[in-house]
Structure formats: structure tokens, C-alpha cells
Amino acid sequence: MTTNRISHKWGMVVDVDRCTGCQSCVVACQAENNIPINTEDVFRQRRAIQWIHVERYWEGEFPDVRARFIPVFCQHCENAPCEPVCPVYATYHNNQGMNVQVYNRCVGTRYCANNCTYNVRFFNYWEPVWPESLRNQLNPDVSMRSRGIMEKCSFNVQRLQKAQRVVEGQQGERLTDEKLKEGNYLPACVQACPTNALVFGDFLDPDSQVSHLKEEHLDGHGRGYKMLEHVGTEPNVIYLKKVDIHAKEVVKGHA
Amino acid sequence: MIRIAALIALLGGLAAGGLVTTIVLIFVLRAWWSTPFEVLGFGGPPEQPIPFPHGVHAGVGDLLDEDGNVVTYADGQPKTALGLDCTYCHRNVDKGASASVPPVEQCIFCHKAVQEGEDNPLPGLANLISAWENKEPVVWERVHRLPDSVRFVHEAHIRYFTQPGNLLPSGEQATVAANTCSTCHGDVAAMAEVKQVRSLKMGDCLDCHRDYSAPTDCTTCHY
């Protein structure tokens with residue numbers, strides 16, 4: 001019996017140099033994944049749910065001030081700190097290289113969020129509510145997370161499942177490793193990014209765009225780095241650092 | 001003597017209490033692991049706003065009444081079931097996630113012509129006509145309901161079983177989509193009122209997924 005019939009290693013390459021901080025990925029993610037509306041009050045309490053958020057850093061003094069942006073979302077770590085602390089096995093690594101959150105198993109201990117290096121796990125402190133006018137825009141392919149459930153970026157696994165079904169339907173037989181390629185499946189944030197700062201794909205596929213970028217920038221002497229790499233979480237997301245024409249000094253180490 | 005009587009009464013009470021507890025426990029455990037017993041409104045078919053006879057529409061051969069006699073028209077001609085394919089009404093079943101209950105309009109396609117006659121009583125057709133005229137949906141009671149956390153896709157299952165070489169659990173080869181339905185839904189055409197026949201709990205799903213080496217990763221169904 002082969003239940004582990006597909007093995008992928010889905011991941012993302014984020015070119016920080018291309019990111020303009022426009023927040024389309026954030027909006028696309030909120031819409032695709034039925035994320036509750038974050039009000040000002042929620043932000044003040046630091047309980048806002050944003051599976052992907054664009055961190056903004058200011059550099060320099062007025063008037064010579066520059067904004068730096070970096071999109072941060074679940075890094076789908078190979079050695080994820082959130083996984084071993086879950087007492088009910090609600091978060092685990094599946095055979096596609098994804099860090100999966102199983103909502104119906106979660107009991108809301110919040111250990112995972114506390115142990116997460118990147119602060120990308122979000123707890124539903126309240127029952128999510130939408131105004132009546134927005135009820136019909138909710139995505140029927142994604143579960144509603146009720147109060148007391150942890151949630152995080154899933155790399156839009158609902159789209160992966162759909163892509164698998166579509167490819168299987170086209171091929172007329174069961175899926176094998178080779179048949180599902182990066183073009184079959186894209187998360188909403190990648191689709192929405194106007195500057196193609198986000199690139200999604202399969203790191204195990206040597207022809208994929210992310211593999212080429214990894215080869216060029218991470219294994220070689222490019223701009224690639226992994227966020228908080230020294231912690232040892234082995235993320236599946238590679239960042240390409242900003243090309244700064246104004247840089248006065250060479251920064252050693254990570255971006 | 002009084003002591004002995006009291007002792008017997010005590011033991012009898014304990015036995016009766018134990019019996020009741022055991023019965024309740026069996027009922028609860030059976031409902032938990034499988035389908036509940038059909039008592040006190042549990043487990044049985046829900047009452048529908050229109051007594052829709054699946055047997056007449058989807059069944060094959062002559063129609064039989066409760067005593068097993070062939071139902072006839074006034075001129076002695078036997079009434080035969082229509083033998084419609086499941087997908088004739090549940091049109092989305094081999095295309096998407098949900099099987100889809102047909103809209104009123106679809107019933108009216110046929111029932112504009114098929115009217116109630118003297119020898120052809122159609123109980124509930126008046127409700128359908130009034131729903132059509134008032135432009136209201138028929139509020140069917142849902143029979144099979146999975147928890148919100150489960151994503152079941154009819155299309156994927158039907159596609160798999162209609163492919164040559166993939167035999168149904170019954171050992172048959174499905175050639176059209178409608179051959180696969182009874183695997184989970186039972187022989188709906190033989191039911192006077194449709195009810196759930198399989199537990200459709202996660203263990204039920206997983207048993208079958210393991211038998212067919214289908215994926216058993218959590219994200220297959222839960223996302």
C-alpha cells in the first residue's frame with residue numbers, strides 16, 4: 001500500500017527587491033481563506049489574523065527616508081518548532097513538504113504559536129463574524145475556523161486538492177509525482193502579486209522556477225537567504241535580499 | 001423475611017438499573033461508532049416536505065404496492081418505474097463537490113406534463129406546483145450531512161470508480177456514474193423514504209481509502 005504516493009516540496013521564493021508593499025497578497029489571502037475582518041480594535045490588542053503580512057521598516061531620517069517591505073507568512077519549516085509541541089498532533093508535516101494545520105483536531109492550547117519563530121500562527125480569540133453583505137463572498141472551499149482554533153498559512157491546500165483532481169481528470173488516471181507541476185497550482189497571494197515578487201513551486205522539481213532561483217541565489221553567491229536561518233528551522237521559503245543602490249557600506253551576513 | 005425481601009428488592013433494583021444503563025450505553029455507543037438505532041426519531045428517514053418516491057423515478061420494472069402486487073392503471077396496464085439515471089436529476093454529482101438537489105424548475109420540466117390523474121395519485125405534487133407558482137424552493141430535509149470540517153468531493157470518487165479496472169467494493173465494474181452511488185447511499189430506489197445506510201464516519205471513509213490505497217493524509221479531506 002502506498003499512501004505516500006506523491007512527494008513534493010512546495011515552497012516559495014520571495015524577491016524582496018521586487019516587493020512594493022502594496023498589500024495585494026494580504027487582501028488576496030484574506031479573501032481566499034475566509035480570514036475574519038481585522039478591526040482597529042483587534043490590531044490594538046495584537047490579535048489580528050493575517051496569514052501573510054507585509055512588515056514595514058523605515059530607514060533614515062526625514063526627509064531622506066526610505067521604506068523597506070518584507071512579506072512574512074508561514075515558512076513551512078522542515079524542522080518546525082510548532083510541530084513537536086502540539087499535544088494533539090493537529091499540526092504536522094505532510095508528504096508534500098507542507099506544515100499542515102488540522103482545524104478539527106486543534107484544541108487551542110496555543111503552544112504552537114508561542115513556539116513559532118516567525119509569529120505567523122494566529123489564534124481565533126473570537127467567533128468570526130462577517131457583515132451580512134460579505135456572507136456570499138466567503139470561499140466555500142475553506143473551512144470556517146471557529147473560536148479557539150489556531151490557523152496559519154496553508155499554501156492554499158484547497159487549491160492543491162483541486163489541482164490534483166483537475167490533473168487526475170485530465171490524465172484519466174491516478175496522479176504520480178511528475179504530473180503535478182507548479183503551473184497547476186498557485187496560492188492566491190502569488191496570483192495577486194503585481195510585481196511577481198512571490199514565486200511558488202516545487203523544490204523537488206529541478207525544472208521549476210523556484211529550484212532555478214534557489215540554485216542561482218542560495219547555493220551560489222546570490223541574494224538568497226532564509227529568514228532567521230540560524231535558528232535551525234530550515235524554512236521552505238527563500239528570501240532574495242534587496243538590491244540597495246544607496247547602500248553606503250557592505251552589510252555582512254544576512255540581509 | 002423482611003430482610004430477605006429487602007435484599008431481593010435491592011438486587012432487583014440494581015439489575016434493572018444496570019439493564020437500563022447497559023441499554024442506554026449500547027444506544028449511545030452504536031450512535032457514536034455507527035448509525036443510531038431507529039427509535040425515538042433517531043436514525044430513521046427525515047420527513048420530507050414532498051413524499052418524493054425515488055422508486056418510481058429511479059427504480060426499474062413494474063411498481064409494486066406494499067403487499068407486493070403490481071400497481072396498475074384503470075385500464076389494467078401495469079405501472080412501470082421510470083428507471084432514470086441518478087445523474088438525470090443530481091446533475092452536479094459527476095462534475096463537482098456537491099451532488100446537488102434538483103431545483104423546482106427541473107421537477108416541473110416533467111411534471112408540467114405528468115399531472116395527477118384519477119388512477120394516478122401523486123401525493124405532494126400540489127406542494128411542488130405551489131412552490132413553482134410562488135417561486136419558492138422546496139425545503140428538502142437533508143439526509144446525508146458530513147461535519148463542516150470535511151470536504152467530500154463526489155466527482156473525484158465517481159471518476160475513480162468509473163475508470164476501467166477500478167472495481168467497486170461490491171466487486172462490480174461501474175460503467176456510468178449512477179453505478180457508484182449505491183456504494184455509500186444504499187439502494188435508494190428501494191427506499192420508500194431515503195435514509196442514511198452507512199455511518200459515513202471518518203473510520204468508514206478511511207477503511208475504504210486504505211483498501212484502495214487512496215491518500216489518507218489529513219489535508220485530503222480537512223482544509
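Convention: sequence-line order gives letters A, B, ...; per-chain numbering from 1.
For residues 140-155 of chain B, heavy-atom neighbours of chain A at less than 4.5 Å comprise B/D148, B/S149, B/R151, B/V153, B/E155, sorted by residue number. Using a 4.5 Å heavy-atom cut-off against chain B, the contacting residues of residues 133-143 of chain A are A/P140, A/D141, A/V142, A/S143. Within residues 97-128 of chain A, the residues that have a heavy atom under 4.5 Å from a heavy atom of chain B are A/V100, A/V102, A/Y103, A/N104, A/R105, listed by number.
In this structure, A/E168 CD and B/Q163 CD are separated by 8.0 Å, a value rounded to the nearest 0.5 Å. Atom OG1 of B/T219 and atom CG of A/N95 lie 7.5 Å apart (nearest 0.5 Å).
The choice from B/A97, B/C218, B/A156 that makes the most heavy-atom pairs within less than 4.5 Å of chain A is B/C218. When each of A/R145, A/Q161, A/M144 is scored by its heavy-atom pairs under 4.5 Å with chain B, the top score falls to A/Q161.
For B/K79, the NZ atom sits in a packed shell: over 12 heavy atoms of surrounding residues, nucleotides or ligands are nearer than 6.0 Å. In this structure, B/E47 places its CD atom where only 12 or fewer heavy-atom neighbours from other residues, nucleotides or ligands lie under 6.0 Å away. No more than 12 heavy atoms of other residues, nucleotides or ligands sit less than 6.0 Å from atom OH of B/Y88. The 12-atom threshold is exceeded at CE of B/M191, counting heavy atoms of other residues, nucleotides or ligands nearer than 6.0 Å. A/Y89 OH: 12 or fewer foreign heavy atoms inside a 6.0 Å radius. Around the CZ atom of A/R47, the shell of radius 6.0 Å holds more than 12 heavy atoms that belong to other residues, nucleotides or ligands. Heavy atoms of other residues, nucleotides or ligands lying less than 6.0 angstrom from CH2 of A/W130 number more than 12.
Counting only residues at least two apart or on different chains, no salt bridge (charged side-chain N to carboxylate O under 4.0 Å, His left out) pair has a member in residues 83-108 of chain B.
Using modelled atom types, one finds a donor on one side chain and an acceptor on the other under 3.5 Å when comparing B/D217 with A/Y92.
When heavy atoms are compared at a cutoff of 4.5 Å, A/Q158 approaches chain B by way of both its backbone and its side chain. Using a 4.5 Å cut-off between heavy atoms, B/Y212 touches chain A through backbone and side chain atoms alike.
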